[in-house]
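A short worksheet on the structure shown next.
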Amino acid sequence: MLWIMRFSGFFSAAMVMIVLSPSLQSFHPAEAIRSSQVDSYLRFPTSPNLFDKFSFRRAPAFRNAGECRPSKSDKPSVCDPSLVHVAITLDGEYLRGSIAAVHSILQHSKCPESVFFHFLVSETNLETLVRSTFPELKFKVYFFDPERVRSLISSSVRQALEQPLNYARNYLGDLLENCVTRVIYLDSDLVVVDDISKLWSTSLGKKTIGAPEYCHANFTKYFTEHFWADPRYAGVFSSRSPCYFNTGVMVIDLDKWRRFGYTRRIEQWMETQKTSLRRIYELGSLPPYLLVFAGHVAPIEHRWNQHGLGGDNVRGSCRDLHAGPVSLLHWSGSGKPWLRLDSKQPCPLDSLWAPFDLYGQST
């Protein structure tokens, strides 16, 4: 496991102290298998200029370790029960981050051939770019129609939080095949520095979602004074002990999600926000999740979401790591490592994202 000790953001990246332990050291060179299930038949709007703008180096090949569970089928399928399912969005603005996230997962996975990626897209056909960067990756592309959610989105403190694709996670139960009964959802601004199968195997008990919870956080700040003053709204938490959790890293039981209609429950709170005379929250897609799930979340170790590395939602200032071991680094907030690195004004921790960056400007 890669243990990263807490250090001050005022020191330079050269002073970062990283102690390596065996569980995070790279596995033998690995090679993933391309899925025959890629959605080549999907047709949705394309942006030719995107391919002119972005060029990514081809990732090294990764293959399974000897003790990995073999596939039960000669032709790998999305329904193969041996697979670990990971869902990530792809769009032009965060594409560089998404590619780095995939690279980090493959590099640290003991069984990279057993990881199946579900890419959610809405504006561009990025399948060719993904294939050229990860030629043997198991993946499938799913089109998310922005119009499905656009009318439900409220203005937020940061424009990026208003993008329709940011809400695609709400519809995983509809988008993914019914045979996919569990999925890990990951944001595009993170890297995984541990074996993803450890997160996959987390027990959810009777809960529908699992995520690291932060019960010391001031939960009231995620909703407006109007919300807390109205017992019709505030009463939703009366029988719960709600804690803040970040929706950028979640393990989701899709069977339960579909059975209990959680997509519709989230939409109903978004509709309430739109129709209420006064706003009940200010952030984007997070508050509806808190309203539906806070107090009913299976707790996951904090090591799986060292979040907030992008600073706050306005300034994007540098931040330190939380105390404790690290399995996932998450640049939530307005500051993104690829932008700060390109501007020659990186934060110290951005140097931990850089090794997974495959971006190379096309000429």
Side-chain angles (χ1 to χ4, degrees), residues 1-4 13 16 18-35 54-69 76 82-90 94-119 129-139 183-201 248-249 251 301 303-307 309 321 325-331 336-338 341 349-360:
M1 173 63 210
L2 198 164
W3 297 71
I4 306 174
V16 178
I18 303 175
V19 181
L20 293 175
S21 69
S23 64
L24 189 61
Q25 294 174 3
S26 298
F27 295 101
H28 297 295
E31 184 176 25
I33 299 175
R34 180 187 305 160
S35 169
F54 288 102
S55 176
F56 292 92
R57 300 184 300 279
R58 179 172 175 172
F62 298 91
R63 63 175 175 271
N64 282 357
E67 63 268 31
C68 293
R69 179 183 175 186
S82 68
L83 296 174
V84 170
H85 295 275
V86 178
I88 302 178
T89 60
L90 292 180
Y94 285 86
L95 181 61
R96 191 168 167 185
S98 298
I99 294 295
V102 173
H103 186 201
S104 72
I105 292 170
L106 295 174
Q107 181 169 326
H108 292 98
S109 176
K110 190 174 186 179
C111 305
E113 292 177 280
S114 300
V115 183
F116 194 105
F117 290 91
H118 304 263
F119 293 122
L129 190 150
V130 172
R131 283 191 179 191
S132 65
T133 307
F134 304 102
E136 300 176 14
L137 188 70
K138 288 181 178 176
F139 74 94
V183 68
I184 297 171
Y185 175 82
L186 298 177
D187 273 352
S188 299
D189 51 358
L190 55 78
V191 292
V192 177
V193 291
D194 203 349
D195 189 347
I196 195 72
S197 67
K198 297 177 183 178
L199 180 59
W200 174 258
S201 62
V249 179
V251 181
E301 288 183 277
R303 69 194 303 154
W304 285 105
N305 196 353
Q306 282 271 350
H307 69 289
L309 303 185
L321 289 173
V326 180
S327 292
L328 185 151
L329 297 157
H330 187 186
W331 279 261
K336 303 307 173 189
W338 55 92
L341 287 164
L349 289 176
D350 295 345
S351 63
L352 303 180
W353 179 89
F356 307 104
D357 184 19
L358 294 173
Y359 174 72

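The chain is numbered in sequence order, starting from 1.
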message: Would you say that Leu190 contacts Trp353 through its side chain, given a criterion of any heavy-atom pair below 4.5 Å between the two side chains?
response: no

query: How are the rings of His118 and His85 set to each other: parallel, tilted or perpendicular (split at 30° and 60°)?
result: tilted

query: Quick one: does Val115's side chain get under 4.5 Å of Val102's, heavy atoms only?
result: no

- prompt: Between atom CD1 of Ile196 and atom CG of Asp194, what is the distance when rounded to the nearest 0.5 Å?
  reply: 8.5 Å

message: Phe116 vs Val84, test: side-chain contact (heavy atoms from CB on, under 4.5 Å). Steps then yes/no.
response: CA-CA 6 Å; Phe116 194 105; Val84 170; over 6 Å; no

Partners passing ring-ring contact (aromatic ring centres under 6.0 Å, His included) against Tyr185 (at least two apart in sequence or in another chain): none

Closest approach of Trp200 to Leu83 (non-hydrogen atoms, all atoms of both residues): CZ2-O, 3.5 Å

query: Between Asp350 and Trp331, is any side-chain donor less than 3.5 angstrom from a side-chain acceptor?
result: yes

- prompt: Checking Lys336 side chain against Asp189 main chain: does a donor-acceptor pair fall under 3.5 Å?
  reply: no

field: Any donor-acceptor pair under 3.5 Å from Ser188 side chain to Thr89 backbone
entry: yes

message: With heavy-atom distances below 4.5 Å as the criterion, would you say the side chains of Val86 and Ile105 are in contact?
response: yes

- request: Using atom types as modelled and distance alone, determine if a side-chain donor or acceptor of Ser109 lies under 3.5 Å from a backbone N or O of Leu106.
  value: no

task: Kindly give the heavy-atom pair with the smallest separation between Phe134 and Ile99, and that separation in Å.
output: CZ-O, 3.7 Å

- prompt: When rounded to the nearest 0.5 angstrom, what is the spacing between CZ in Phe356 and NE2 in His108?
  reply: 4.5 Å

field: Between Asn305 and His330, a side-chain donor and acceptor under 3.5 Å
entry: yes

- request: Can you measure from NE2 (His103) to OG1 (Thr133) and round to the nearest 0.5 angstrom?
  value: 10.5 Å

- prompt: So, does Arg57 use its side chain to make a donor-acceptor pair with the main chain of Asp357 at under 3.5 Å?
  reply: yes

message: Parallel, tilted or perpendicular, judged at 30° and 60°: which one describes the rings of Trp338 and Tyr94?
response: perpendicular

query: Just wondering, do Arg58 and Ser132 contact through their side chains at under 4.5 Å, heavy atoms?
result: no

Validation row: Leu90, Phe117 side chains within 4.5 angstrom (heavy atoms): no

task: Using modelled atom types only, decide if a donor and an acceptor are shared between the side chain of Glu113 and the backbone of Asn64 within a distance under 3.5 Å.
output: yes

task: Please step through side-chain contact (heavy atoms from CB on, under 4.5 Å) for the pair Ser327 and Leu199, ending with a clear verdict.
output: CA-CA 9 Å; Ser327 292; Leu199 180 59; over 6 Å; no

query: Do the side chains of Leu328 and Val191 get nearer than 4.5 Å, heavy atoms only?
result: no

Heavy-atom donor-acceptor pair, Ser104 side chain to Val192 backbone, under 3.5 Å: yes

message: Pair Asp187, Val249 - check side-chain contact (heavy atoms from CB on, under 4.5 Å), show working.
response: CA-CA 7 Å; Asp187 273 352; Val249 179; over 6 Å; no

query: Are Lys110 and Asp195 close enough for a salt bridge, meaning some N to O gap below 4.0 Å?
result: no

- line: To the nearest 0.5 Å, atom CG of Leu137 lies from atom CZ of Arg131 at 10.5 Å

message: Any heavy-atom pair between the side chains of Leu352 and Leu309 that's under 4.5 Å?
response: no

